[in-house]
There are 2 protein chains.
Amino acid sequence: MKIRVMLVDDHLVVLRGLKFFLNTQRDIEVIGEVENGEKALNAYEKWKPDVVLMDLMMPVMDGVEATKKLREAHPGAKVVVLTSYSDQDHVIPALQAGAVGYQLKDVDPDELVKTIRAASKGEKLLHPKATNLLLEQMSSGGEKKEPDVHFKLTNREKDVLFQITLGKSNKEIASDLYITEKTVKTHVSNLLSKLQVHDRTQAAIYAMKENLFADRSEESK
Amino acid sequence: MKIRVMLVDDHLVVLRGLKFFLNTQRDIEVIGEVENGEKALNAYEKWKPDVVLMDLMMPVMDGVEATKKLREAHPGAKVVVLTSYSDQDHVIPALQAGAVGYQLKDVDPDELVKTIRAASKGEKLLHPKATNLLLEQMSSGGEKKEPDVHFKLTNREKDVLFQITLGKSNKEIASDLYITEKTVKTHVSNLLSKLQVHDRTQAAIYAMKENLFADRSEESK
DNA sequence: GATCATCTACACCATTGGACCGAAAACATG
DNA sequence: CATGTTTTCGGTCCAATGGTGTAGATGATC
């Protein structure tokens, strides 16, 4: 009985390539491919794969979100994350979301196959870099950098902060978001105190350095 | 006679997958794979492929650099860029470096195959997004972004701008530079009009995006 | 010496930004 | 339904910001 694998990646080229490669393995069978997290949820219902190979950066619904929802609906689902990022902002959330494997795209393909096999048996296999991160996290007592800070921002506050990083004035933001300037000022005041900075310029600098909004950079124009 | 293709990508998984996929095409043959730009140069000498499929983001030597050097040594080399980025900071440099094709990883695999076939005949095929960027570039008169602008800033104005990128207020800047706040305001006014922006936040954003002060970033503390 | 750019400084004034206060409405969650 | 959060809007008050104009001191350049 082969291991039935479902692929989730917005890079169709990668998707196609992975499919051909994995199908050359005698104990693995790719039974489905989708290009974003949202489709993955429905597809899982339909195909009930043994293992889901999931990219992280995707439009519509990213891999962390998809993994979380998938595991909520199907606690037994085995998700292996396959991505290019090995920083703590990706590794930790993914594993907390319930991923049972984490591999980087620059890993030896055979290693990826091993991870899939391990996952199908319920074992966990991580890329060395991911493991390192976990250990660092443990040793530092799990206090992260500055705990969350920006994750405490509400959605609207994030919207406003994003506008600030575009150099907009409160008035412009108000007109862009279809709210009054008063409201914008409220949001600005609140987000400034949450970020612990003193003015919008510092907020913009912070947002850019932490590159929040890496995702929104497209929709800006 | 098959089209002989060489792959350059630091993601071994993608590399392996692409190889299997492309080899299923009856007129394409993958004759070599390397994982960074530097190795690509030597590999090209050895294999003399018809087409090089090149990733952009790689360690050691990135795709733009590799393409440039490859085309210098072998003007007839046909490089197709395959990447995830479609912004002008990647597209333009890659094409200027001499790439004859530009595709995104989320493109339909068949489209990628077409691009390779076109490249082998000396034809150029770009992803729609890349084409759009080119056209925008043309219509804006080809004057690139805004030439220099910031180089017209006096030394003192640069000092002040740098302080702004640190999030300082006029008062703080004044005390740091041992001048009065009035003077700082003068400098700020002048540099804002030279940069053609309306407030200090936009100035800070501009400076960070253009990363002026890459040199000073150390002395900041 | 005359000229020009730069750096410094000030005055006046309108606009913007932000803190602090309250509060209604929508919404999720228990 | 009670509770808490989020989003919205209002007002007051004051500091910060920025435009415009003027002007003295310095130093480089012709």
Side-chain angles (χ1 to χ4, degrees), chain A residues 61 65 68-69 71-73 97 147-208 212-213 216 219, chain B residues 146-208 212-213 216:
Chain A
M61 185 188 295
E65 188 69 13
K68 199 176 297 177
K69 297 206 170 171
R71 297 271 307 178
E72 280 171 8
D148 327 34
V149 185
H150 56 266
F151 289 109
K152 298 168 106 171
L153 293 186
T154 67
N155 288 329
R156 208 50 168 168
E157 285 161 355
K158 286 181 195 167
D159 290 340
V160 173
L161 178 55
F162 176 61
Q163 296 286 322
I164 289 177
T165 66
L166 298 180
K168 304 270 185 71
S169 69
N170 287 340
K171 194 170 294 183
E172 289 171 320
I173 295 173
S175 114
D176 279 19
L177 298 185
Y178 304 106
I179 53 181
T180 66
E181 194 183 342
K182 315 283 185 179
T183 307
V184 175
K185 284 176 137 189
T186 303
H187 289 315
V188 172
S189 278
N190 292 336
L191 72 86
L192 289 183
S193 78
K194 284 186 182 176
L195 297 183
Q196 299 181 49
V197 295
H198 296 94
D199 56 52
R200 57 172 53 231
T201 304
Q202 290 181 359
I205 294 168
Y206 174 83
M208 294 183 73
L212 319 176
F213 312 131
R216 306 200 195 188
E219 71 191 63
Chain B
E146 323 91 47
D148 331 43
V149 185
H150 55 267
F151 290 111
K152 300 166 100 174
L153 294 186
T154 68
N155 288 329
R156 208 50 168 170
E157 285 161 355
K158 285 182 195 167
D159 290 340
V160 173
L161 178 55
F162 176 61
Q163 296 287 321
I164 289 178
T165 66
L166 298 181
K168 303 271 186 72
S169 69
N170 288 340
K171 194 171 295 181
E172 289 171 321
I173 295 174
S175 113
D176 279 20
L177 298 184
Y178 303 106
I179 54 181
T180 67
E181 193 184 343
K182 318 282 186 180
T183 306
V184 174
K185 288 174 106 177
T186 303
H187 289 315
V188 172
S189 279
N190 292 336
L191 72 87
L192 288 184
S193 78
K194 284 187 184 176
L195 297 183
Q196 299 180 50
V197 296
H198 296 93
D199 56 52
R200 59 176 48 233
T201 303
Q202 289 181 359
I205 293 168
Y206 174 84
M208 293 184 74
L212 320 174
F213 312 130
R216 307 200 195 186

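In what follows, chains carry the letters A, B, and so on, assigned in the order in which the sequence lines appear, proteins first and then strands, with residues in each chain numbered from 1.
- When only modelled atom types and interatomic distance are considered, B:T180 and B:T183 share a side-chain donor-acceptor pair under 3.5 Å.
- A side chain to side chain donor-acceptor pair (under 3.5 Å) with B:Q163 is found for one member of B:E172, B:K168, B:H187 and no other, namely B:K168.
- A:S169 comes within 4.0 angstrom of sugar-phosphate atoms only, judged by non-hydrogen atoms across all strands, and of no base.
- The side chain of A:K171 contributes an N or O atom lying less than 4.0 Å from OP1 or OP2 of C:dT16.
- Residues A:I205 and A:V197 have side chains not in contact (no heavy-atom distance under 4.5 Å, counting atoms from C-beta outward).
- Side chain of B:L192, nearest nucleotide from C:dC7, D:dG19, D:dT17: D:dG19.
- Put simply, CG on B:N190 is 16 Å from P on D:dT17, counting in whole angstrom units.
- Using a 4.0 Å heavy-atom distance criterion, A:S193 is classed as making no nucleic acid contact.
- Looking at heavy-atom distances under 4.0 Å, A:T180 makes contact with sugar-phosphate atoms alone, never a base.
- A:S175 places no side-chain N or O within donor-acceptor distance of the main-chain N or O of A:K171, the cut-off being under 3.5 Å.
- Look at NZ on A:K194: it is 11 Å from C1' on D:dT7, rounded to the nearest Å.
- Listed candidates were D:dT8, C:dA19, D:dT20. Nearest to the side chain of B:S189 is D:dT20.
- Summarising the geometry, the separation between CZ on A:R156 and C1' on C:dA26 is reported as 13 Å, rounded to the nearest angstrom.
- If you take CD1 of B:I173 and C1' of D:dA16, they are 12 Å apart, rounded to a whole angstrom.
- With distances taken from any side-chain atom of A:T186 to the nucleotides D:dT7, C:dG18, D:dT8, the minimum falls on D:dT8.
- Computed from coordinates, the A:E181 CD to D:dG10 C1' distance equals 13 Å when rounded to whole Å.
- For B:H187, the listed nucleotide lying nearest its side chain is C:dT8; candidates were C:dT8, D:dG18, C:dG18.
- Rounded to an integer number of Å, the gap from A:Y178 OH to D:dT7 P is 18 Å.
- Side chain of A:T154, nearest nucleotide from C:dC7, C:dG17, D:dT6: D:dT6.
- Taking only side-chain nitrogens and oxygens, B:N170 never comes nearer than 4.0 Å to OP1 or OP2 of D:dA16.
- Across the protein-nucleic acid pair, A:H198 atom NE2 and C:dG18 atom P stand 12 Å apart, rounded to whole Å.
- Between the NZ atom of A:K185 and the P atom of D:dG11 there is a distance of 12 Å, given to the nearest Å.
- To the nearest 0.5 Å, atom OG of residue A:S193 and atom NE2 of residue A:H198 are 10.5 Å apart.
- Of the listed nucleotides (C:dA9, C:dT16, D:dC9), C:dA9 has the atom at the smallest distance from the side chain of B:T183.
- Checking B:D199 against B:K182, the closest nucleotide of DNA chain C that is more toward the 5' end is the one next to B:K182.
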